[in-house]
Amino acid sequence: MKKFVVAIAGGGSTYTPGIIQMLLENQDRFPLKEIKLYDNLASRQEPIAKAMQIYVRDNYPDVTISYSTDPKMAFTGVDFVMAQIRVGLYDLREKDEKIPLKYNVVGQETCGPGGIAYGLRSIGGVLEILDYMEKYSPDAWMLNYSNPAAIVAEATRRLRPDSKIINICDMPVAIETIFAAILDLPSRKDMIVRYYGLNHFGWWTSVTDKSGNDLMPKLREFVEQKGYAAETDDYQHRAQSWKDTYKKAKDVQALDPETLPNTYLKYYLFQDDIVMHEDKNFTRTNEVQATREKEVFAKAHKIIEADSAKGISFATGSPHASFIVDLACAIAFNTQERMLLIVPNNGSILNFDQTAMVEVPCLVGKNGPEPLAMGNIPTFQKGLMEQQVAAEKLAVDAWIEGSYSKLWQAITMSKTVPSAGVAKQILDELIEANKQFWPELK
């Protein structure tokens, strides 16, 4: 079986060790020759990369691991690029969250004004990597889970329409893992689901077992009482902010009891409640900096100092992290696995914008994803999605055109924002914070 060369763009991320470990643990189905790390910030990448070189040497000596800030070295001769970049790092994420909260607007890295701000930073970075791939490894596929996926997907659809990029999100996979736990099933792969929406903005309409038995009644009964707060190991180890999010799914689901919602819908449907319970001085960014950031880099330095990784492992986010390997295998071996992906609508949802980047089940093979037909969707979901996709499209318009007015419209269009006046105040602060990363707006 062929051994693959994988590049990880965003090599200095605290998620990188877990991704590497997950890749290494799945070599029975996705054999590896080399893992290359790429980051444009050497000081952040170096401790992660050096620690992982020791980890691979001690545990998987047949695999090579290298790192570089040179695009030619990083992207030459690769089969897949797994992109997880964060342009602006946590300093800008903190502003994405705290600037809107000053105006009692949801402060979140992928939703509302913060998500739009992050999107405008991410577009250029993802396009840059796609261009490197086109130059150095034109047959490679990018598996992109850089956030905010919806805005990045819309930008790449328009600006790099022929690029081999698949935009993914593991949140639905994480929720389906909870479904499996509620149903006492061994794996989420024991279920067949129907789901539609936008990234971080969707609904499950059907969950059956492989024999076609309807599992939705049992799931709805649980969610009506507890949300997604199933007592799994994953739930127990989650930060309190995530536990609150899983519990809040109970209130979101009540709006349409026939479906099961993506957790992120809470930011759009219960904006006032979210802001009321948010600590404006200590947001999710600060929580991550105080926990995962410190823990991963401390572990990396410990490995380097000891020159040994014996007995050390990293959190892979399994089982939903294996979704990345599932996708790579589907392309490499034409497995036709059914997966939720972000793709151009093109008829999957009949009564919705055909150019929208929607998240729906797809069959995946060597030529990429083939979306399945979802038919017509109800008025409630359609209306919400039209407003959200308009905000995303206007944000991409603003980036392409350097348009202040389009970006003001985008933020005003977000359901998280109460008025155009508040949108303008937030926008003007975001412009100042992002002047190093955004196009000049006129």
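These figures come from a predicted structure and were not determined experimentally. Scope of the values below: all heavy atoms of this structure, side chains included, with no hydrogens, waters or symmetry mates.
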TODO: For the pair R157 and D353, find out whether any cationic side-chain nitrogen is under 4.0 Å from an anionic carboxylate oxygen.
DONE: no
Task: Non-neighbouring partners of D273 that pass salt bridge (charged side-chain N to carboxylate O under 4.0 Å, His left out), sequence neighbours left out - done: K248
TODO: Give a yes or no on whether the backbone of N213 and the side-chain of S211 come within a donor-acceptor separation of less than 3.5 Å.
DONE: no
Open item on the list: Would you say that more than 12 heavy atoms from the other residues, nucleotides or ligands in this model lie under 6.0 Å from the NZ of K50, or not?
Closed with: no
TODO: Report, as yes or no, whether the 6.0 Å neighbourhood of atom CD on Q336 holds more than 12 heavy atoms from other residues, nucleotides or ligands.
DONE: yes
Open item on the list: Please report whether the ring centroid of F30 lies less than 6.0 Å from that of F80.
Closed with: yes
Task: salt_bridge(R44, E293) N-O dist < 4.0 Å - done: yes
TODO: Any chance you could measure T208, atom OG1, to M216, atom CE, to the nearest 0.5 Å?
DONE: 10.5 Å
TODO: Test salt bridge (Lys or Arg N to Asp or Glu O under 4.0 Å) on D397 and R158 and set out the steps.
DONE: CA-CA 10 Å; D397 287 343; R158 283 200 237 172; 2.6 Å; yes
Open item on the list: Quick check against the 3.5 Å criterion: does Q354 have a side-chain atom that pairs as donor or acceptor with the backbone of G347?
Closed with: yes
TODO: Can you sort out the partners of Q225 under side chain to side chain donor-acceptor pair (under 3.5 Å), two or more places apart, ordered by chain and number?
DONE: none
- [ ] Please tell me if the side chains of L198 and M357 come closer than 4.5 Å, counting only heavy atoms from C-beta onward.
- [x] no
Task: Greater than 12 external heavy atoms within 6.0 Å of F352's CZ - done: yes
Open item on the list: Does E231 have more than 12 heavy atoms from other residues, nucleotides or ligands lying within 6.0 Å of its CD?
Closed with: yes
Task: Check: Y228 ring centre within less than 6.0 Å of F222 ring centre - done: no
Below 3.5 Å, can you tabulate the donor-acceptor pairs from side chains in residues 379-395 to any protein atom, sequence neighbours excluded?
{"from": "Q381", "atom 1": "NE2", "to": "D256", "atom 2": "OD2", "distance (Å)": "2.7"}
{"from": "K382", "atom 1": "NZ", "to": "E386", "atom 2": "OE2", "distance (Å)": "2.8"}
{"from": "Q387", "atom 1": "NE2", "to": "M413", "atom 2": "O", "distance (Å)": "2.9"}
{"from": "Q388", "atom 1": "NE2", "to": "Y268", "atom 2": "OH", "distance (Å)": "3.3"}
{"from": "Q388", "atom 1": "NE2", "to": "E392", "atom 2": "OE2", "distance (Å)": "3.1"}
{"from": "K393", "atom 1": "NZ", "to": "E154", "atom 2": "OE2", "distance (Å)": "3.2"}
{"from": "K393", "atom 1": "NZ", "to": "T355", "atom 2": "OG1", "distance (Å)": "2.9"}

Open item on the list: Using modelled atom types and a 3.5 Å cut-off, is there a donor and acceptor pairing between side-chain atoms of Q45 and backbone atoms of D39?
Closed with: yes
Task: Under-4.0 Å salt bridge between E287 and R284 - done: yes
- [ ] Return yes if some donor-acceptor pair links the side-chain N/O of K310 with the main-chain N/O of D58 below 3.5 Å, else return no.
- [x] yes
TODO: Go through the structure and list residues passing side chain to side chain donor-acceptor pair (under 3.5 Å) with Q271, not counting sequence neighbours.
DONE: none
Open item on the list: Please list all pairs meeting salt bridge (Lys or Arg N to Asp or Glu O under 4.0 Å) that have one or both residues in residues 109-125, counting only residues at least two apart or in different chains.
Closed with: R86-E109, R93-E109, D96-R121
TODO: Could you tell me which residues satisfy side chain to side chain donor-acceptor pair (under 3.5 Å) with K280, sequence neighbours excluded, listed by chain and number?
DONE: N104
Open item on the list: Which label fits W242 and Y246: parallel for a plane angle under 30°, tilted from 30 to 60°, or perpendicular past 60°?
Closed with: tilted
TODO: Would you please classify the geometry between the Y195 ring and the W204 ring as parallel, tilted or perpendicular, with 30° and 60° separating the classes?
DONE: perpendicular
Task: Ionic contact status for K189 with E337, cut-off 4.0 Å - done: yes
Task: More than 12 heavy atoms of other groups within 6.0 Å of K226 NZ - done: no
TODO: Kindly say whether S187 contributes a backbone atom to a donor-acceptor pair with the side chain of D190 at under 3.5 angstrom?
DONE: yes
Task: Minimal non-hydrogen separation, G112 against T416, with atom names - done: CA-OG1, 3.3 Å
Open item on the list: Assess, by modelled atom type and distance only, whether the side chains of Q53 and Y67 contain a donor and an acceptor separated by less than 3.5 Å.
Closed with: no
Open item on the list: Using modelled atom types and a 3.5 Å cut-off, is there a donor and acceptor pairing between side-chain atoms of W408 and backbone atoms of A423?
Closed with: no
